[in-house]
Protein chains: 2
Amino acid sequence: MNVRSICLAVLFCSDRTGYDIRKISTEGIFSFFIEASYGSIYPALNKLEEEGLVTCRHEALEGKPARKIYSITDDGRAAFASELFLPHRQDIFRSEFLLIAIFSRLVGPDVISSAIHRQIEFSKQELDQISSCGDSDEDTCDGEWSQEMTDLDRQAAQWAQNYGLYCVQASIDYLNEHGGDLIEIARKGHVGFNKSSELQ
Amino acid sequence: MNVRSICLAVLFCSDRTGYDIRKISTEGIFSFFIEASYGSIYPALNKLEEEGLVTCRHEALEGKPARKIYSITDDGRAAFASELFLPHRQDIFRSEFLLIAIFSRLVGPDVISSAIHRQIEFSKQELDQISSCGDSDEDTCDGEWSQEMTDLDRQAAQWAQNYGLYCVQASIDYLNEHGGDLIEIARKGHVGFNKSSELQ
DNA sequence: AGGAGCATGTAAGCTGTTACATGATTTC
DNA sequence: GAAATCATGTAACAGCTTACATGCTCCT
């Protein structure tokens with residue numbers, strides 16, 4: 001998964017500006033694939049245009065800033081599809097929280113406790129984010145995607161959302177049920193390296 | 001989380017070679033934080049040595065290849081600890097599988113079906129990997145970590161493992177229970193872009 | 001004899017981020 | 001009038017991967 005693919009994926013669903021793509025890839029369901037910044041999206045779109053996988057039309061509506069709206073071409077669709085047919089790679093999961101958890105004894109019960117709360121907060125935010133993506137037409141694969149099929153596409157997107165929701169909820173459940181145990185471990189073993197003075 | 005921190009984290013637990021660190025960060029619990037390759041670990045260790053955060057001793061046992069065993073210094077411990085005290089960042093989750101899921105209609109039921117199986121396979125592998133890390137002394141925070149406390153450290157590591165196990169199991173459950181629905185969506189909506197001929 | 005695993009390292013290059021630079025419009 | 005949001009882009013740099021290069025030991 002790279003910025004290229006995410007651009008094609010978003011454009012597969014409907015025409016977009018670079019700004020849109022960045023927003024969708026950061027806030028929408030597509031944030032499960034990559035989070036791209038402007039610095040990578042704009043150059044990627046230019047390259048994609050050179051290669052004929054997307055086209056671009058300038059739109060200068062009055063009362064709006066000028067924008068460049070990109071559309072995917074047939075070649076682009078084919079290129080994207082052929083990527084999807086390849087066996088997919090394993091999910092990537094990275095957690096700073098778990099690193100702190102492992103070093104519970106070192107950081108002590110207070111730090112662990114606030115880390116757990118922070119982690120639960122993050123998870124709840126994610127829950128909100130996942131449920132809300134798809135609420136507005138802007139965030140989903142609606143738009144120009146062959147009219148009669150949008151309902152099934154929405155169902156697929158919904159399925160993916162539910163998968164995300166289910167996994168995040170599981171993590172919250174574990175944290176709520178067993179967070180206390182970790183704080184207890186930290187309490188029993190805390191032996192110094194007290195950095196409270198350096199906390200800010 | 002960068003390679004630097006992961007080196008310090010591993011060395012905090014016990015003395016290691018660059019080779020060890022790479023293995024632990026790829027296969028052990030530490031793979032939840034980053035997966036580093038030799039090309040990043042060796043230069044990182046050199047830099048850390050320059051900065052006095054780790055020291056290195058050469059060991060040339062006969063009947064063994066020469067190895068450079070790194071140890072963390074007090075400065076290194078302090079540097080690592082102060083990182084742990086900082087508010088942690090949100091977990092990162094990236095899934096190619098979910099991208100395919102969203103485009104179910106495009107790839108069709110067969111591809112989705114095998115993607116789901118692949119995903120379940122990956123998750124089971126992860127389950128094995130998580131349960132097995134800590135079996136051998138090599139993979140955990142044992143070693144020189146202040147003897148009388150290793151039990152609590154093990155408990156913290158165990159807690160983190162259980163967290164991982166719980167989340168991965170949730171994902172498998174969802175896949176088993178609802179995978180069929182997605183295949184059904186793909187079946188109903190499949191409309192071409194059939195790349196089976198290109199699948200080889 | 002060959003393969004797997006142990007062990008270290010470098011160089012080229014890819015990919016992406018951060019920070020900057022700019023400016024219009026909309027909302028409070 | 002300030003702040004947020006829309007909108008596009010570049011340049012420097014960070015960070016990591018891949019591929020290469022080397023060589024030893026242990027097991028079968």
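So you know, we letter chains A, B, ... as the sequences are listed, proteins then strands, and number each from 1.
In the model, Tyr70(B) has no side-chain atom that pairs as donor or acceptor with a side-chain atom of Thr17(B) under 3.5 Å. There is no side-chain donor-acceptor pair under 3.5 Å between Glu35(B) and Thr26(B).
Of all nucleotides listed (dT8(D), dG16(C), dT10(C)), dT8(D) comes nearest to the side chain of Lys68(A). In the set dG16(C), dC16(D), dT10(D), dG16(C) carries the atom at the smallest distance from any side-chain atom of Ser40(A). For Arg67(A), the side-chain atoms get nearest to dA7(D) when compared with the rest of dG16(C), dA7(D), dC16(D). The side chain of Tyr19(B) has dG5(C) as its nearest neighbour among dG5(C), dG9(D), dA7(D). Checked against dA7(D), dT18(C), dG9(D), the side chain of Ser37(A) finds its nearest nucleotide in dT18(C).
Across the protein-nucleic acid pair, Arg4(A) atom CZ and dT15(C) atom C1' stand 13 Å apart, rounded to whole Å. Here dC6(C) presents its P atom at 15 Å from CD1 of Ile69(B), a figure rounded to the nearest Å. Between the CD1 atom of Ile21(B) and the C1' atom of dC6(C) there is a distance of 15 Å, given to the nearest Å. We find that CD1 of Ile24(B) is positioned 17 Å from P of dG5(C), with the value rounded to whole Å. With rounding to whole Å, Asp20(B) atom CG is found 8 Å from dT8(C) atom P. For the pair Lys47(A) NZ and dT10(D) P, the computed distance is 15 Å after rounding to whole Å. dG9(D) atom C1' lies 13 Å from atom NE2 of His58(A), rounded to whole Å. Atom C1' of nucleotide dT18(D) and atom OH of Tyr42(B) are separated by 16 Å, given to the nearest angstrom.
Residues Asn46(A) and Ala66(A) both approach DNA chain D. Their nearest nucleotides, taken by heavy-atom distance, put Ala66(A) toward the 5′ side.
The shortest distance between the side-chain N/O atoms of Tyr38(B) and the OP1/OP2 oxygens of dG9(C) is not below 4.0 Å. At least one side-chain nitrogen or oxygen of Thr17(B) sits closer than 4.0 Å to the OP1 or OP2 atom of dT8(C).
Relative ring orientation between Tyr166(A) and Tyr174(B) is described as tilted, the plane-to-plane angle lying within the 30° to 60° band. Between Phe80(B) and Phe12(B), the angle of the ring planes lies from 30° to 60°, which puts this pair in the tilted group. Using cut-offs of 30° and 60° on the angle between ring planes, the pair Phe32(B) and Phe93(A) is perpendicular.
If you check every strand for non-hydrogen atoms under 4.0 Å, Ile34(B) touches sugar and phosphate atoms only. Within 4.0 Å (heavy atoms only), Gly39(B) reaches at least one base atom of the nucleic acid. At a threshold of 4.0 angstrom between heavy atoms, the contacts of Glu59(B) with the nucleic acid are absent.
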